[in-house]
Structures are given as structure tokens and as C-alpha cells.
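Reading through the C-alpha cells given below for one structure.
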Amino acid sequence: MKKRLLLLTLFATVGMQAMAQTRVVKGRVLDEKGEPMPGASVMIKGTTSGTTTDMDGNYTIELQ
């Protein structure tokens, strides 16, 4: 019984960690007038993950 409980706990923990690993960061870059900035570079500090904004200033970065 203890072995089954331990295995179930282990699988649940590993499953939660796998699900928690992927995150999506979305946002919009605007200038000081509130206008969208197309083509702006967006980087996650301390990583090599980055992207550029679309024509409306929107961006999406998937982190793993």
C-alpha cells in the first residue's frame, strides 16, 4: 500500500512539474503617446528568449 501511494505521489509530482514548465507571456508595446510600436524587440531578461511585435504592437513569447 505504501509503495502504491509513493508511486502515485511521484507520478503526480512529475506531472505537475511538466505542466508548470511551459508559460506564455503576452503583451503590447506602446510608445509614450499610446500608439502601438510594430517591430519592437522584446526579450525576457536573463534569457535568450525574445520576439518582435506585430503591426499592432502585440507579442507572445513561450517560455519552457
Side-chain angles (χ1 to χ4, degrees):
M1 181 68 173
K2 284 186 180 182
K3 223 177 207 181
R4 285 185 189 173
L5 183 58
L6 180 62
L7 284 174
L8 181 59
T9 304
L10 178 65
F11 286 131
T13 304
V14 170
M16 283 186 237
Q17 287 177 349
M19 289 175 18
Q21 296 280 332
T22 303
R23 288 186 264 167
V24 176
V25 177
K26 296 180 180 183
R28 189 169 188 205
V29 178
L30 305 172
D31 65 12
E32 57 276 349
K33 295 178 184 176
E35 299 292 323
M37 294 186 65
S41 296
V42 179
M43 299 289 294
I44 302 296
K45 188 176 181 177
T47 71
T48 58
S49 297
T51 190
T52 56
T53 59
D54 65 13
M55 293 302 294
D56 297 319
N58 299 312
Y59 66 89
T60 302
I61 301 175
E62 196 171 305
L63 302 174
Q64 296 179 352

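Just so it is clear, the model here is predicted, and its values are computed rather than measured.
Connection of Val42 to Ile44 is established within a shared hydrophobic cluster, with ILVMFWY side chains joined at heavy-atom distances below 4.5 Å, either directly or through further cluster members.
For the atom pair CD1 of Ile61 and OG1 of Thr47, the computed distance is 7.5 Å after rounding to the nearest 0.5 Å. One distance of note links OG1 of Thr52 with CE of Met43; it measures 11.5 Å at 0.5 Å rounding. Atoms OG1 and CG, on Thr51 and Asn58 in that order, are 11.0 Å from each other to the nearest 0.5 Å.
Inter-residue side-chain proximity for Leu63 and Ser49 is flagged as met; some heavy-atom pair is nearer than 4.5 Å. Residues Glu62 and Thr22 are in side-chain contact: their nearest non-hydrogen atoms beyond the backbone lie under 4.5 Å apart.
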Test log, rule side-chain contact (heavy atoms from CB on, under 4.5 Å), inputs Tyr59 and Val29: CA-CA 8 Å; Tyr59 66 89; Val29 178; 4.0 Å; yes

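Heavy atoms only, all atoms of each residue included: Gly57 and Pro36 are closest at N-CB, 3.9 Å. Listed here is the closest heavy atom pair of Lys26 and Thr60: CG-OG1, 3.8 Å.
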